[in-house]
Amino acid sequence: MAIQYNDQHHIFAIQTQNSSYIFGFNEKGNLQHLYWGATIAIEDCVPLLRSSSHSSFDAEVDREVEEYSFWGGLCYTEPALKVRFHDGVRDLSVTYIDHQILEENGKETLVIRFKDQHYPLETHLYYTVIPEYDLVERSAKIINRGEDCIVLESTQSASWTIPYLQDYRLTHVTGKWSGEFQLRSTLLSEGKKLLESRRGFTDGHANPWFAIDAGDATESHGEVWFGALAWSGNWKIVAEKTVFNHVKVTGGIHDFDSEWVLEAGETFEAPVFVGGFSSGGFGQMSRHLHHYQYDHVLPSQQVRKVLYNSWEATYFDVNAQDQMALAEKAAKMGVELFVMDDGWFGARNHDRAGLGDWVVNKQKFPNGLNELITKVNGLGMDFGLWVEPEAVNPDSDLYREHPDWVYHFPTRGRTELRNQLLLDLSKPEVKRFIVDFMTDLLQNHQIKFIKWDMNRTITEPGLKDHPLHRQKEIWIRHVQSLYEIWSELRRKFPQVEFETCAGGGSRIDLGIFRYADQAWPSDNTDAFDRLSIQEGFSYTYAPKMMTCWVTETPTGMNRRDVSLQYRFHSAMMGSLGIGANLNEWSDEQIEQSAEFIRQYKQIRPLVQAGSQFRLSALKQKGLTAVQYVHANGSESVLFAFLHSQKLGELLPRLCLQGLQSDKQYVIDQLPGTYSGRALMNVGIVLPLRGDFDSLMYRIQESK
Ligand code: DGJ
């Protein structure tokens, strides 16, 4: 049993393979967090279960470690639930009703039910256990059992209490367009550190996950507590340290400018906030999250195909002839999926017009899309297409016909970003419009892949025709509606794979990954810049879900010149793609690329299904090294990149990870055999030299 209950002391324990998560009711009936860390027994926590206070000025210090803090009475830390009743009362006072342990699809879930002492409001806390990865999925359901409306002012998914540590180091990512997923860490002092998005989508400026350690965890050692939120709209994660040295991390849908009105009998479900404990450093944290995503989150288990994407080759200037020529080259290289990006519809010759008019542009494709698709299929590749259904250019037939379909306030201007506005997805007719045109597209064409883009944030968040007292629902409604659309499309077209993209990597989170198979992490395709973007991505998200393209050199973005090999190696660390203008590539470049793609297909099972180890020991020396290892340790692939080297400063030996100590291995480009013990403790010399050098080694058990 992963979930245990001690009814003498009213304590719950969630036991995973290598961790315990324990909480229970104190004598005041408050559900208090007790312990999270390496495995212990439920009874070990009995002495922890007591309320504490400091002085009458700081009464009830124990409310700081509430499992889920109901705002009311003496709750002064970040609340998990804050409501407003119909009579103006804004104070919650809850009691336990009961709890149940459910089992579904082999997973155990604990549900604890609470009710307000006066008002007909119930809160159900959910804990679903993923024992094999030491993870717990938490969420909350709020139910109105009465006749009057109840306004939810803040409904967080969970609070995670971190045990006492000497220091609390918070690790997270920050970023911007073309520079997403940059790792940062900071020590928490008393007060709050807020990670958030208020832009309407997940956002590239921050990403909804956190990790906390004592400041001493490394990639391979040390204890790390972490969590990731499954929500693709406005979110917040608040890491709060109190003067009594309690640290809790509360997260969920952002409460800024947000409210949800619960009518009689209605239920509101907060998104899942998954949390975990790693005793093997950040590396183990990431591997557990990656495999959790493969086994429990992603909508499909398919191998990700090597794709070609036309964006950087042709931008908006797409047409049947050029795309067919590109497809021929791509097929020669061994590409398996040809994706045509923006520009194929309406008057979309630039980003100023046409968005919203989802009819094939007859000048560019006189015989429709099927001519190109047939050609692509004839070349042995699947066909994929770019869409951006949530947005509209004011210069489009759609907007001229339905100017009220966009978010706006009647007395304000309509801010354009990338010359576009956003459709109000809360309107049933808008939702239907999107489902219908997508259904048409997918029914009438052999399309196997959709790149779903979204290139702007939400501004002027007004919902026309929506009741005045429910206007602040916009942030939630957009996301709910988007999820419903994706889920309907996936149900209707199970053969179609989806990529999430938002002006690069602005909509990547565990929520969208229940619908999307893969993600576009950044518009920055510079192979060196990508290394840090991919590293930050990999802290939370799995390599298989990360689309990486090989593009031109020097890169259009920052004029850096790196070899074809370096560009391939960088892109082979995720789901490989090509994004260059192949019509300008020589036969030699095509042939060399074909060889890299052949190699990628050989190592793809390791990259897309194996375990990833970031080998950070030589980071200070300018070395980025990432290893992917088969589940049974019999096979591995190593990618290593040297930034630049000073004369006489040779790289120290690099120790590998994840192998079997007593197995013998061969490395494809090196003579002899090596024991796993030697590879992991003595390491290997990497023959990298100069600037921007790279290598890929295949390491296999010697038979
Ligand atoms: C932004 C995306 O990130 C790019 O990859 C590309 O699809 C463009 N939009 C197309 O407009």
Side-chain angles (χ1 to χ4, degrees), residues 175-181 199-205 207 232 307-319 322-323 326 337-358 361 364 383-396 416-423 441 447 449-457 497-509 512 516-527 529-530 533-534 537 545-552 555-557 571 574-581:
K176 50 185 170 299
W177 177 77
S178 271
E180 297 86 342
F181 292 104
R199 289 160 199 264
F201 54 17
T202 324
D203 202 4
H205 293 216
N207 192 265
S232 314
L307 65 75
Y308 176 82
N309 180 293
S310 66
W311 176 242
E312 288 196 26
T314 49
Y315 293 106
F316 298 96
D317 195 10
V318 294
N319 63 59
D322 290 352
Q323 294 296 308
L326 284 169
L337 167 68
F338 183 88
V339 184
M340 180 161 65
D341 212 281
D342 202 347
W344 57 268
F345 51 90
R348 187 75 169 165
N349 300 316
H350 38 66
D351 64 12
R352 299 183 300 283
L355 196 58
D357 299 339
W358 299 105
N361 182 308
K364 297 175 180 179
F383 182 78
L385 196 63
W386 178 97
V387 291
E388 188 180 354
E390 294 153 83
V392 62
N393 284 127
D395 185 0
S396 67
E416 290 178 28
L417 285 166
R418 209 186 186 219
N419 311 299
Q420 62 196 48
L421 299 166
L422 270 190
L423 293 176
L441 204 57
I447 294 174
F449 179 94
I450 286 290
K451 174 177 175 182
W452 186 296
D453 204 348
M454 150 64 154
N455 284 298
R456 60 156 297 166
T457 55
E497 291 164 4
F498 283 73
E499 181 174 69
T500 173
C501 170
S506 281
R507 191 154 61 196
I508 293 176
D509 59 80
I512 206 74
D517 303 276
Q518 61 195 81
W520 179 235
S522 180
D523 278 346
N524 185 343
T525 57
D526 175 282
D529 284 5
R530 267 293 175 120
I533 293 171
Q534 295 178 180
F537 181 101
M545 290 138 59
M546 178 174 78
T547 316
C548 313
W549 303 343
V550 172
T551 55
E552 303 294 345
T555 41
M557 297 239 169
S575 186
L576 177 63
I578 315 292
N581 188 352

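Because the structure is a prediction, the values reported are computed rather than measured. FYI, side chains are in, hydrogens and waters are out, and symmetry mates aren't considered; it's all heavy atoms of this structure. For ligands, and for the atoms within them, numbers begin at 1 and follow the listed sequence.
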Does any part of the side chain of [Y], heavy atoms only, come nearer than 4.5 Å to the side chain of [X], both counted from C-beta?
{"X": "Val392", "Y": "Leu355", "result": "no"}
{"X": "Leu385", "Y": "Leu441", "result": "yes"}
{"X": "Val387", "Y": "Trp344", "result": "yes"}

Numbering as shown, the atoms of ligand 1 that approach [X] to under 4.0 Å (heavy-atom distance):
{"X": "Lys451", "answer": "4 (C), 5 (O), 6 (C), 7 (O)"}
{"X": "Trp520", "answer": "3 (O), 5 (O)"}
{"X": "Gly504", "answer": "3 (O)"}
{"X": "Cys501", "answer": "2 (C), 3 (O)"}

For this session: Say whether Trp549, considering both its backbone and side-chain N or O atoms, lies within less than 3.5 Å of an N or O atom on ligand 1.
Result: no

For this session: May I ask you to check whether Trp311 has an N/O atom sitting below 3.5 Å from an N/O atom of ligand 1?
Result: no

Identity and distance of the protein heavy atom lying nearest [atom]:
{"atom": "atom 11 (O) of ligand 1", "answer": "Asp342 OD2, 2.6 Å"}
{"atom": "atom 6 (C) of ligand 1", "answer": "Asp341 OD1, 3.4 Å"}
{"atom": "atom 3 (O) of ligand 1", "answer": "Asp523 OD1, 2.5 Å"}
{"atom": "atom 9 (N) of ligand 1", "answer": "Asp453 OD2, 2.7 Å"}

Exercise. Does Asn309 approach ligand 1 within less than 4.0 angstrom via side chain, backbone, both or neither, non-hydrogen atoms only?
Worked result: neither

Exercise. Under 4.0 Å from ligand 1, counting heavy atoms only, is it the side chain of Arg418, its backbone, both or neither?
Worked result: side chain

Exercise. Between Lys451 and Glu497, does a salt bridge (Lys or Arg N to Asp or Glu O under 4.0 Å) hold up when you go through it step by step?
Worked result: CA-CA 9 Å; Lys451 174 177 175 182; Glu497 291 164 4; over 6 Å; no

Problem set entry | CA sep, side-chain torsions, deciding dist, call: Arg352, Asp395, salt bridge (Lys or Arg N to Asp or Glu O under 4.0 Å) | CA-CA 7 Å; Arg352 299 183 300 283; Asp395 185 0; over 6 Å; no

For this session: For Glu388 and ligand 1, answer yes if some heavy atom of the residue is under 4.0 Å from a ligand atom, otherwise no.
Result: no

Exercise. What class does the angle between the rings of Trp452 and Phe498 fall in, given that below 30° is parallel, 30 to 60° is tilted and above 60° is perpendicular?
Worked result: tilted

Problem set entry | Ser232/Asp509 under side chain to side chain donor-acceptor pair (under 3.5 Å): CA gap, chis, key distance, verdict | CA-CA 6 Å; Ser232 314; Asp509 59 80; 2.9 Å; yes

Problem set entry | Near-ring test Trp311/Phe316, centroid separation under 6.0 angstrom | yes

For this session: Please determine if Arg530 forms a cation-pi arrangement with Trp520, meaning its NZ or CZ atom is less than 6.0 Å from the six-membered ring centre and no more than 45° off the ring axis.
Result: yes

